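Everything below concerns the one structure shown next.
The structure presented is a predicted model; accordingly, all values stated were derived computationally and were not measured.
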Amino acid sequence: MTTRLPQPDLRSARLHLREVRPDDAPALFAIHSDPQVMRYWSYPAWTELAQAEQKVADIQRQRREQEILVWAIADAASDHLIGTSAVFALDRAQGRAEIGYSLHPHRQRRGLASEALRLILSYLFDDLQLRRVEADADPRNLASCGLLDKLGFVREGLLRERWHVNGEICDTAFFGLLRRDFIRD
């Protein structure tokens, strides 16, 4: 078993990024059961709270067994989960990782995802000394692609017909961010 990678709490004026807890399951379900949020994901919207409870258990198991970081993106004032971000495929010897994120639809378009990702990317580049972070997004998800552009990610390719979700074949736009290209503000 690999040594568990410490996961720091990260804070800004509006956000508290922390470990995912079992009591986050209802808020996680509210995000992942929303067809609008899940429109561009690689799996369909959840239909039962038990799926969120299982996801929380899976996250906790992965944190024990793998080098993976999963933050609850929580409102700083209430500590209520409003989104998540995961850093996975972490290879510190190669200095790279992949990142994913989601945010409750009522919290989108307020700069919160950008704020959360800037906290995480600063940690990855400054503390873990990574040189590259990758992300993928459905090219039709203009908001997600725009967020990645805003942070300095470069669209490096298109993976055609990568996913089959809800009877639809979908492409993936692949993005890469080098430490030197990270736009911090």
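- Between Arg132 and Glu156 there is a salt bridge, with a side-chain nitrogen of the basic residue lying less than 4.0 Å from a carboxylate oxygen of the acidic one.
- Linking Ile, Leu, Val, Met, Phe, Trp and Tyr whenever their side-chain heavy atoms come within less than 4.5 Å puts Phe175 and Phe125 in one cluster.
- Leu10 CG to Ile73 CD1: the interatomic distance, rounded to the nearest 0.5 Å, is 10.5 Å.
- Not one N or O on the side chain of Glu168 forms a donor-acceptor pair closer than 3.5 Å with the backbone of His164.
- For the atom pair CG (Leu90) and CG (Leu128), the distance works out to 6.5 Å, reported to the nearest 0.5 Å.
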Problem set entry | Residues Glu53, Glu48; criterion side-chain contact (heavy atoms from CB on, under 4.5 Å); working and verdict | CA-CA 9 Å; Glu53 293 167 342; Glu48 299 177 11; over 6 Å; no
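- Arg155 places no side-chain N or O within donor-acceptor distance of the main-chain N or O of Asp149, the cut-off being under 3.5 Å.
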For this session: May I have the step-by-step check of side-chain contact (heavy atoms from CB on, under 4.5 Å) for Ser12 and Arg118, ending in yes or no?
Result: CA-CA 10 Å; Ser12 66; Arg118 278 195 171 98; over 6 Å; no
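- Atom CZ of Arg61 is surrounded by more than 12 heavy atoms from other residues, nucleotides or ligands within 6.0 Å.
- One hydrophobic cluster, built from ILVMFWY side chains closer than 4.5 Å, cannot hold both Ile120 and Ile183; they sit in different ones.
- The two residues Met38 and Pro44 have their closest heavy-atom pair at CE-O, 4.3 Å.
- Exactly one of Asp23, Asp24, Asp75 qualifies for a salt bridge (charged side-chain N to carboxylate O under 4.0 Å, His left out) with Arg18. That residue is Asp24.
- Put simply, CD on Gln66 and CG on Leu5 are 12.0 Å apart, with the number rounded to the nearest 0.5 Å.
- Contact detail for Glu161 and Asp171: the closest heavy-atom pair is N-OD1, 2.7 Å.
- Residues Leu158 and Arg160 form a side-chain contact, since some pair of their non-hydrogen atoms from C-beta on lies under 4.5 Å apart.
- Atom CG of Leu177 is separated from atom CZ of Arg96 by 13.0 Å, given to the nearest 0.5 angstrom.
- Thr84 and Trp71 are not linked by any side-chain donor-acceptor pair at a separation below 3.5 angstrom, with hydrogens and angles left out of the test.
- Using a 4.5 Å cut-off between side-chain heavy atoms of Ile, Leu, Val, Met, Phe, Trp and Tyr, with links allowed through other members, Tyr123 and Val133 fall into the same hydrophobic cluster.
- Remark: Glu65 does not engage Arg63 in a salt bridge, criterion side-chain N to carboxylate O under 4.0 Å.
- Side-chain contact between Asp138 and Ser144 is absent, with no heavy atoms from C-beta onward closer than 4.5 Å.
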For this session: Step by step, work out the side-chain contact (heavy atoms from CB on, under 4.5 Å) result for Leu147 and Leu117.
Result: CA-CA 9 Å; Leu147 169 61; Leu117 290 182; 3.6 Å; yes
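- The shortest side-chain heavy-atom distance between Arg14 and Leu112 falls under the 4.5 Å cut-off.
- The closest side-chain heavy-atom distance from Ser122 to Arg184 is below 4.5 Å.
- Nearest heavy-atom pair across Phe88 and Ile99 is CE2-C, 4.0 Å.
- Residues Pro139 and Ala173 share a closest heavy-atom pair of CD-N, 3.8 Å.
- At a threshold of 4.5 Å between non-hydrogen side-chain atoms, the residues Leu159 and Asp136 do not count as touching.
- For the residue pair Ala135 and Leu148, the shortest heavy atom distance occurs at CB-CD2, 3.9 Å.
- Shown here are the salt bridge (charged side-chain N to carboxylate O under 4.0 Å, His left out) partners of Asp58, two or more places apart in sequence or in another chain: there are none.
- Inter-residue side-chain proximity for Arg110 and Glu115 is flagged as unmet; no heavy-atom pair is nearer than 4.5 Å.
- The hydrophobic clustering, which links ILVMFWY residues whose side-chain heavy atoms are closer than 4.5 Å, places Leu178 and Phe182 apart.
- Of the possible polar contacts, one joining the Gln7 side chain to the Val70 backbone as a donor-acceptor pair under 3.5 Å is found.
- The hydrophobic clustering, which links ILVMFWY residues whose side-chain heavy atoms are closer than 4.5 Å, places Val56 and Ile82 apart.
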Problem set entry | Gln108 and Val37: CA distance, side-chain angles, deciding distance, side-chain contact (heavy atoms from CB on, under 4.5 Å) verdict | CA-CA 10 Å; Gln108 293 175 3; Val37 173; 4.1 Å; yes
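- Contact check for Val87 versus Ile68: no side-chain heavy atoms found under the 4.5 Å cut-off.
- Screening Trp41, Tyr43, Trp46 for a side chain to side chain donor-acceptor pair (under 3.5 Å) with His32, the sole residue that qualifies is Tyr43.
- The shortest distance between side-chain heavy atoms of Ser85 and Leu17 does not fall below 4.5 Å.
- The two residues Ala30 and Ser33 have their closest heavy-atom pair at O-OG, 3.7 Å.
- In this structure, Gln54 CD and Ile59 CD1 are separated by 10.5 Å, a value rounded to the nearest 0.5 Å.
- Atom CD of residue Gln129 and atom CZ of residue Arg92 lie 11.5 Å apart, to the nearest 0.5 angstrom.
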